[in-house]
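What follows is a short report on a single structure.
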Amino acid sequence: MTEATQFAASTSGIEIVSVSGPELITYADELAALLVETVEGGASVGFLAPLDRDAAADWWRGRAAAVDAGDQRVWIARDGERVAGTIGLNPAPLPNARHHTKVTKVMVRPSMRGRGVGRSLLAAAEGAAAEAGLTLLVLDTETGSAAERLYRAAGWTECGSVPDYAGDPAGTLKPTTFYYKAIRTAGQSTSCR
């Protein structure tokens with residue numbers, strides 16, 4: 001079931017919506033095209049180039065059960081009926097870490113970048129995390145990537161880098177920088193200790 005709350009991006013006509021498992025399957029081919037385009041563009045999102053579109057669609061379809069079980073959340077940015085971007089949240093499964101979640105697969109079509117889509121996707125995920133009572137978000141990205149500018153501009157804090165952490169789409173090992181963002185839930189103080 002699609003979440004009733006929708007977020008509008010600063011770009012006219014862009015809508016950010018949470019998707020259910022069945023909806024994820026419906027959008028799998030479009031999400032696969034986005035993933036292939038992102039990998040071909042050199043972004044390090046866990047896949048090597050060349051990425052087969054059918055394999056990418058199968059990967060997205062494989063997330064549907066986790067979405068239905070509540071083990072993962074996925075949002076898409078829609079430009080009309082076309083997928084313009086996506087973001088995911090993977091809540092921590094262990095009892096001592098249920099206050100935080102990992103932000104994953106932040107992707108925006110190259111033709112839509114610089115229009116507020118990435119920032120709107122982050123805001124949607126942050127808002128949903130706060131509504132769920134989560135207080136800490138974490139993510140990682142290739143050091144020196146364009147995504148770092150987005151995360152810093154959106155108020156994320158860099159907390160360190162690890163050399164040779166992950167391969168880029170060509171398989172070359174690159175450093176990865178980790179970020180976090182403390183979020184406030186209803187009735188919570190904004191002060192840090």
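Because the structure is a prediction, the values reported are computed rather than measured.
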Roughly how far apart are C159 SG and K181 NZ, rounded to 0.5 Å?
14.5 Å

Heavy-atom side-chain contact between V19 and W75 under 4.5 Å:
no

Mark yes or no for whether T101, through its side chain, and N90, through its backbone, hold a donor-acceptor pair below 3.5 Å.
yes

Roughly how far, to the nearest 0.5 Å, is the CZ atom of R113 from the CG atom of L150?
10.5 Å

Distance-only donor-acceptor check, side chains E23 and T26, under 3.5 Å:
no

Report the distance from atom CG of N96 to atom CG of L94, rounding to the nearest 0.5 Å.
6.0 Å

Show the numbers, then the answer: is there a side-chain contact (heavy atoms from CB on, under 4.5 Å) between W60 and L24?
CA-CA 7 Å; W60 281 107; L24 188 60; 3.8 Å; yes

Heavy-atom pair of closest approach, residues P169 and G42:
CD-O, 3.4 Å

With under 30° as parallel and over 60° as perpendicular, where do the rings of Y165 and F178 fit, or are they tilted in between?
perpendicular

Ionic contact status for D140 with K102, cut-off 4.0 Å
yes

Which atom of A77 lies closest to which atom of I16, heavy atoms considered:
CB-CD1, 3.4 Å

How long is the gap from CG on D168 to OG on S145, to the nearest 0.5 Å?
11.5 Å

Any side-chain donor-acceptor pair under 3.5 Å between Y27 and R78?
yes

Under a 4.0 Å threshold between the charged nitrogen and the carboxylate oxygen, would R61 count as salt-bridged to D29?
yes

Donor-acceptor pair between E158 and Y180 side chains, under 3.5 angstrom:
no

Where do P110 and E37 come nearest, in terms of heavy atoms and distance?
CD-OE2, 3.0 Å

Do any N or O atoms from the side chain of T177 and from the backbone of G160 form a donor-acceptor pair under 3.5 angstrom?
no

Work out which heavy atom in R82 is nearest to a heavy atom in R109; give both atom names and the distance.
NH2-CD, 3.1 Å

Check V117, I87, T86 against V108 for a side-chain contact (heavy atoms from CB on, under 4.5 Å) and give me the one that passes.
V117

Determine whether R115 and I14 make a side-chain contact, defined as any pair of heavy atoms from C-beta on separated by less than 4.5 Å.
no

May I have the step-by-step check of side-chain contact (heavy atoms from CB on, under 4.5 Å) for R73 and S18, ending in yes or no?
CA-CA 7 Å; R73 299 277 312 268; S18 176; 3.3 Å; yes

Please answer: with hydrophobic residues joined when any side-chain heavy atoms are less than 4.5 Å apart, are V138 and I183 in the same cluster?
no

As an exercise, state the distance from OG1 of T172 to CD of E142, rounded to the nearest 0.5 Å.
9.5 Å

Separation between CE of M112 and CG of L34, rounded to the nearest 0.5 Å
11.5 Å

Side-chain contact test, heavy atoms from C-beta onward, threshold under 4.5 Å: evaluate it for T38 versus F47 and give yes or no.
no

Restricting to non-hydrogen atoms, name the atom on L35 and the atom on A56 that form the minimum distance, rounded to 0.1 Å.
CD2-CB, 3.9 Å

Could you walk me through whether V103 and L89 pass side-chain contact (heavy atoms from CB on, under 4.5 Å), step by step?
CA-CA 5 Å; V103 174; L89 288 180; 3.6 Å; yes

Any link between I25 and V36 through a network of hydrophobic side chains (Ile, Leu, Val, Met, Phe, Trp, Tyr) touching at under 4.5 Å?
no

Show, in sequence, the C-alpha distance, side-chain angles and deciding distance for H100 and T135, and conclude whether the side-chain contact (heavy atoms from CB on, under 4.5 Å) test is met.
CA-CA 6 Å; H100 72 79; T135 58; over 6 Å; no

Specify the closest pair of heavy atoms between G70 and P91, including all atoms of both residues, with the distance to one decimal.
O-CG, 4.3 Å

Do E126 and W156 have side-chain atoms, one donor and one acceptor, less than 3.5 Å apart?
yes

